[in-house]
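Bear in mind that the values here come from a model prediction, so they are computed numbers and not experimental data.
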Amino acid sequence: QVQLVESGGGLVQAGGSLRLSCAASGRTFSSYAVGWFRQAPGKEREFITAISWSGTSTHYADSVKGRFTISRDIARNTVYLQMNSLKPEDTAVYYCAAGGRLYYDSDYIRAVAYDYWGQGTQVTVSS
């Protein structure tokens, strides 16, 4: 079992930055890939970025490429999402998720490929 807790959300002005954290408990977390998704009101959950279990492979949605960076600290059992140049359209609840069966690049963008989810953290970007 893996438990995930997101933190770091809040209110920021457009152009600002936030760093989200996804802290995990569970001995096997280091063997899981981790993804970040977001969901805005009235919209479907959207893939943002993911990192492989080893940290050597990352994936980004076009909408955040060049602005967001995912990283993981295996010793701290934590995955980070650094968000720069934030835009009002980035406003959403952000979720991290962990999956142990992501074998292909196409798996990382699929929410159903992840086994464990956090409760989410709200990010609001004002214009």
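- Ring-plane geometry between F37 and W117 is classed as tilted, the angle between the planes lying from 30 to 60 degrees on a 0 to 90 degree scale.
- Separating the OH atom in Y114 from the CZ atom in F47 is a distance of 5.5 Å, to the nearest 0.5 Å.
- Here the closest heavy-atom approach between residue A14 and residue S127 is recorded as CB-CA, 4.4 Å.
- Ion pairing between a basic and an acidic side chain is recognised when a charged N comes within 4.0 Å of a carboxylate O; R38 and D90 show such pairing.
- A33 and L102 make their closest contact through CB-CD2, 4.1 Å (heavy atoms, listed as atom of the first residue, atom of the second, distance).
- E6 and G120 get closest at one heavy-atom pair: OE1-N, 2.8 Å.
- Across every non-hydrogen atom of Y95 and G118, the tightest pair is CD2-O, 3.7 Å.
- Y80 and F29 fall into different hydrophobic clusters, where Ile, Leu, Val, Met, Phe, Trp and Tyr residues are linked whenever their side-chain heavy atoms come under 4.5 Å apart, directly or through other members.
- Note on V12 and V93: separate hydrophobic clusters, where clusters join Ile, Leu, Val, Met, Phe, Trp and Tyr whose side-chain heavy atoms are under 4.5 Å apart, directly or indirectly.
- Under a hydrophobic clustering in which Ile, Leu, Val, Met, Phe, Trp and Tyr are joined whenever their side-chain heavy atoms come within less than 4.5 Å, directly or via other members, W53 and Y108 fall into different clusters.
- Within the model, atoms OG of S30 and CG of D73 stand 12.0 Å from one another, a figure rounded to the nearest 0.5 Å.
- Inter-residue side-chain proximity for D105 and H59 is flagged as met; some heavy-atom pair is nearer than 4.5 Å.
- Put simply, CG on N84 and CZ on R19 are 11.5 Å apart, with the number rounded to the nearest 0.5 Å.
- In terms of heavy atoms, R72 sits closest to S52 at NH1-O, 2.9 Å.
- Between the OG1 atom in T58 and the NZ atom in K65 there is a gap of 9.5 Å [rounded to 0.5 Å].
- In this structure, Y32 OH and L4 CG are separated by 10.0 Å, a value rounded to the nearest 0.5 Å.
- Tracing side-chain contacts under 4.5 Å through hydrophobic residues (I, L, V, M, F, W, Y), one reaches M83 starting from V125; they form part of the same cluster.
- When every heavy atom of Y60 is checked against every heavy atom of T69, the shortest pair comes out as OH-CA, 3.4 Å.
- Proximity of a side-chain donor or acceptor of R67 to a complementary backbone N or O of S85 within less than 3.5 Å is detected.
- Between Y94 and F68, the ring planes are tilted. Angles from 30° to 60° get that label.
- The residue from T78, V2, T49, I51 that alone fulfils the side chain to side chain contact (heavy atoms under 4.5 Å, CB included) condition with V34 is I51.
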Test S63 against E89 for side-chain contact (heavy atoms from CB on, under 4.5 Å), laying out the working first.
CA-CA 10 Å; S63 59; E89 51 264 44; over 6 Å; no
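- Taking CD of Q39 as the reference point, atom CD of E44 lies at 8.0 Å (rounded to 0.5 Å).
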